[in-house]
Amino acid sequence: MNQALGIIVDYFFPSDCAACGKPVTAFDGGLCDDCAADIHPPRDACPRCGGQIVDGKCVICSDRAWYPDRCFAVAEYSGAMKALLRNYKFQKRRKLHGKIAKIVHEAVCSASLEVDVVTAVPMGRAKVKKRGFNQSELVACAVAQKIGREYRRLLKEAGKARTQKDLNFLDRFLNVIGRYEILEADLRNARVLLIDDVFTTGATINECARLLKSAGAGEVYAVAFARRTLYEEMQDTMGDMP
Ligand SMILES: [Zn+2]
Ligand SMILES: [Zn+2]
């Protein structure tokens with residue numbers, strides 16, 4: 001956005017920082033500088049899956065077939081990032097996808113990922129209708145544009161899927177089997193960037209990566225906006241809107 005346009009947009013559409021509520025300009029993308037500086041990469045992240053290392057062992061990918069070639073979350077699901085995502089998803093502040101895409105794009109660049117095509121974890125039609133958008137897809141499209149690569153829907157949700165929310169760690173890995181379908185039969189060795197919103201057990205990302213690999217993807221790089229533990233998710237869900 002150029003400066004003159006930004007001033008006009010600010011005048012007609014002033015907004016508040018999604019995390020602290022301070023007034024922000026259109027250039028800030030809905031998050032003030034202080035809150036943006038409060039977003040940090042997850043601690044104790046496993047180099048293979050981005051999960052948490054506890055007592056020298058990864059709680060996510062140890063003793064498991066793990067399909068992504070690289071996988072990480074951009075930030076912890078706490079503080080400003082948590083507020084940003086909650087506003088984006090539950091308050092339906094769709095415009096915040098631009099700020100999240102900027103943060104994800106920076107992480108993709110720092111990780112020096114070479115990508116041919118960008119895709120997102122799919123969302124069932126009913127949920128998209130309810131929320132108005134697939135939060136991962138909106139960001140993935142914007143990231144694709146920033147890196148000059150094509151966004152393609154490579155996966156879809158198959159039929160009625162049971163939500164992961166009320167399931168424990170192991171059941172989630174079983175529940176995702178058959179949950180998604182691949183939309184392109186031959187990915188011709190493409191290096192795929194797969195975008196997801198919140199990384200909890202890694203079950204969804206792992207299953208999507210498995211399908212992409214089975215359809216011929218050369219590499220799958222999975223990037224989530226934020227990481228939280230199952231315990232944190234349970235605590236959040238109690239106060240969450242659906
Ligand atoms: Zn703020
Ligand atoms: Zn791991």
Side-chain angles (χ1 to χ4, degrees), residues 6 9-10 13-91 93-104 106-107 111 113 121 164 168-170 172-174 176 194-196 198-210 212-213 219-233:
V9 169
D10 284 347
F13 306 101
S15 71
D16 297 335
C17 169
C20 71
K22 243 172 30 186
V24 287
T25 70
F27 301 109
D28 295 316
L31 197 71
C32 77
D33 288 344
D34 289 345
C35 290
D38 183 39
I39 291 176
H40 303 289
R43 280 160 289 138
D44 306 319
C46 167
R48 187 168 175 235
C49 77
Q52 201 179 10
I53 304 265
V54 178
D55 299 329
K57 196 174 175 187
C58 175
V59 294
I60 304 287
C61 73
S62 299
D63 315 318
R64 180 181 308 289
W66 185 255
Y67 296 94
D69 295 278
R70 294 277 300 277
C71 180
F72 59 88
V74 172
E76 294 273 10
Y77 188 72
S78 62
M81 181 51 109
K82 184 171 176 177
L84 182 62
L85 292 187
R86 289 177 70 87
N87 270 283
Y88 175 46
K89 283 169 72 171
F90 303 132
Q91 304 299 323
R93 284 179 65 179
R94 187 190 172 106
K95 272 203 288 186
L96 292 175
H97 81 274
K99 188 70 184 186
I100 300 163
K102 185 170 181 278
I103 296 166
V104 172
E106 282 164 6
L113 299 182
V121 169
Q164 296 277 72
N168 69 26
F169 193 94
L170 279 177
R172 288 184 185 213
F173 278 87
L174 297 174
V176 289
L194 170 68
I195 304 284
D196 195 9
V198 181
F199 180 102
T200 308
T201 61
T204 299
I205 270 181
N206 199 35
E207 175 63 4
C208 290
R210 186 185 70 79
L212 293 166
K213 284 280 178 86
E219 308 270 317
V220 176
Y221 308 125
V223 179
F225 310 157
R227 184 190 78 177
R228 69 175 162 191
T229 63
L230 204 52
Y231 176 70
E232 286 166 343
E233 185 195 276

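Just follow the structure's listing: the first ligand is 1, and inside any ligand the first atom is 1. Excluded from the calculations below are hydrogen atoms, water molecules and symmetry mates; all remaining heavy atoms, backbone and side chain alike, are included.
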Next item on the list: Specify whether Y88 and F225 have parallel, tilted or perpendicular ring planes, treating 30° as the upper limit for parallel and 60° as the lower limit for perpendicular.
Entry: tilted
Check: Could D63 and K57 be called an ion pair, given the rule that one side-chain N must be under 4.0 Å from one carboxylate O?
Finding: yes
Checklist line | Angle at the Zn ion (ligand 1) (to 10°), with one arm to SG of C32 and the other to SG of C17 | finding: 120°
Margin query: Before moving on, can you tell me the angle at the Zn ion (ligand 1) between the SG atom of C20 and the SG atom of C35, to the nearest 10 degrees?
Written below: 110°
Next item on the list: Kindly report the SG-the Zn ion (ligand 2)-SG angle for C49 and C61 respectively, rounded to 10°.
Entry: 110°
Next item on the list: If you have a sec, read the angle at the Zn ion (ligand 2) from C58 atom SG over to C46 atom SG, to 10 degrees.
Entry: 110°
Next item on the list: Kindly check if the number of other-residue, nucleotide or ligand heavy atoms within 6.0 Å of NZ (K102) is above 12?
Entry: no
Note to self: Under a 4.0 Å threshold between the charged nitrogen and the carboxylate oxygen, would E76 count as salt-bridged to R227?
What the structure shows: yes
